[in-house]
Protein chains: 2
Amino acid sequence: MNKTTKVTVDAVEIIHRRYFKGRPERLKALEEARADDDVARKIFELRTKAGLTQAQLGKLIGTTASVISRLESADYEGHSLAMLRRIGAALNQRVEIKFVPIRRSA
Amino acid sequence: MNKTTKVTVDAVEIIHRRYFKGRPERLKALEEARADDDVARKIFELRTKAGLTQAQLGKLIGTTASVISRLESADYEGHSLAMLRRIGAALNQRVEIKFVPIRRSA
DNA sequence: CAGTCTATTCGCATATTTGCGATAGCGCAA
DNA sequence: TTGCGCTATCGCAAATATGCGAATAGACTG
């Protein structure tokens with residue numbers, strides 16, 4: 001491993017220690033942000049793989065491009081199942097929800 | 001197979017032919033209703049398996065029993081990802097969203 | 001029987017999402 | 001450069017979810 005990689009890893013470690021160690025509420029916020037980002041990215045992928053623009057997908061589900069853009073924004077937290085299903089229906093996808101256990105400790 | 005079973009099967013067949021055959025918009029409504037029912041049941045199972053009453057789960061996520069009851073109602077369509085995550089967080093579950101392709105025709 | 005626990009439903013205030021036009025930025029091709 | 005397509009962001013109205021107390025009903029127990 002070269003020096004650059006080493007430095008980067010250390011930086012991540014330092015940041016982690018400084019902001020997250022022993023502060024579960026920060027970790028929780030991070031996880032939620034990641035989850036939102038995840039949904040946003042899934043919508044983006046579904047749309048682009050279908051070869052559609054935001055305006056086109058918007059039209060398909062009866063709304064506008066700005067709405068799609070908002071849904072694909074990584075820091076948008078307001079996703080509803082209804083909206084996910086509308087998008088899924090337009091792109092022939094079923095929306096599956098699963099609760100999966102989180103293992104305690106680490 | 002006994003007579004009762006036979007009759008029931010026939011009835012289902014008749015109903016299906018009468019209301020759904022060749023009417024995709026009805027099938028669609030049915031699928032959506034099923035999906036909502038599914039989420040409602042998942043919440044119910046998660047809660048009961050954790051041995052909690054609606055009031056207890058409500059308290060855990062900072063709301064009341066009536067709200068939980070509404071979420072567990074089969075014909076409620078207003079689920080948000082935010083609420084599902086709150087419930088998941090209280091019960092140590094991560095909420096996973098997946099778009100899965102629907103195969104055409106049948 | 002009364003009393004308790006649980007769940008459901010109603011009504012309404014508050015909070016949040018959605019709808020949508022307007023605007024701006026960016027990349028690209030003419 | 002100009003024009004065009006695509007995306008991001010803003011602002012506000014409208015629609016919808018949430019918060020929560022009250023009333024109701026059923027099951028169960030004393």
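Convention: sequence-line order gives letters A, B, ...; per-chain numbering from 1.
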Task: Separation of D:dA17 P from B:Arg85 CZ (nearest whole Å) - done: 17 Å
Task: A:Phe44 CZ to D:dC6 C1', straight-line distance once rounded to whole Å - done: 11 Å
Task: Contact interval (first through last nucleotide) of DNA chain C with protein chain A, 4.0 Å heavy-atom - done: C:dT17 to C:dG21
Task: Rounded interatomic separation in angstrom, taking CD from A:Gln54 and C1' from D:dT7 - done: 5 Å
- [ ] Find which nucleotide of DNA chain C each of B:Ala82 and B:Glu72 is nearest to by heavy atoms, and output the residue with the more 5' nucleotide.
- [x] B:Glu72
- [ ] Using atom CG of A:Asp75 as one end and atom C1' of D:dT9 as the other, report the distance to the nearest whole Å.
- [x] 11 Å
Open item on the list: Tell me whether A:Arg70 is salt-bridged to A:Glu72, with the criterion being a basic N under 4.0 Å from an acidic carboxylate O.
Closed with: no
TODO: Give the rounded distance in Å between these two atoms: CG of B:Leu81 and C1' of D:dT16.
DONE: 16 Å
TODO: Report the residue (B:Thr48 or B:Arg70) whose heavy-atom-nearest nucleotide on DNA chain C is the more 5′ of the two.
DONE: B:Thr48
Task: Note: A:Arg47-A:Glu45 ion pair, threshold 4.0 Å (strictly below) - done: no
Task: D:dT7 phosphate, OP1 or OP2, under 4.0 Å from A:Arg47 side-chain N/O - done: yes
TODO: Enumerate the residues from residues 62-69 of chain A whose closest heavy atom to DNA chain C is under 4.0 Å, giving them by residue number; use none for an empty result.
DONE: A:Gly62, A:Thr63, A:Thr64, A:Ser66, A:Val67
Task: Co-membership, hydrophobic cluster, residues A:Phe44 and B:Ile97, 4.5 Å side-chain - done: no
Task: Straight-line distance of B:Leu60 CG to B:Leu52 CG, nearest 0.5 Å - done: 6.0 Å
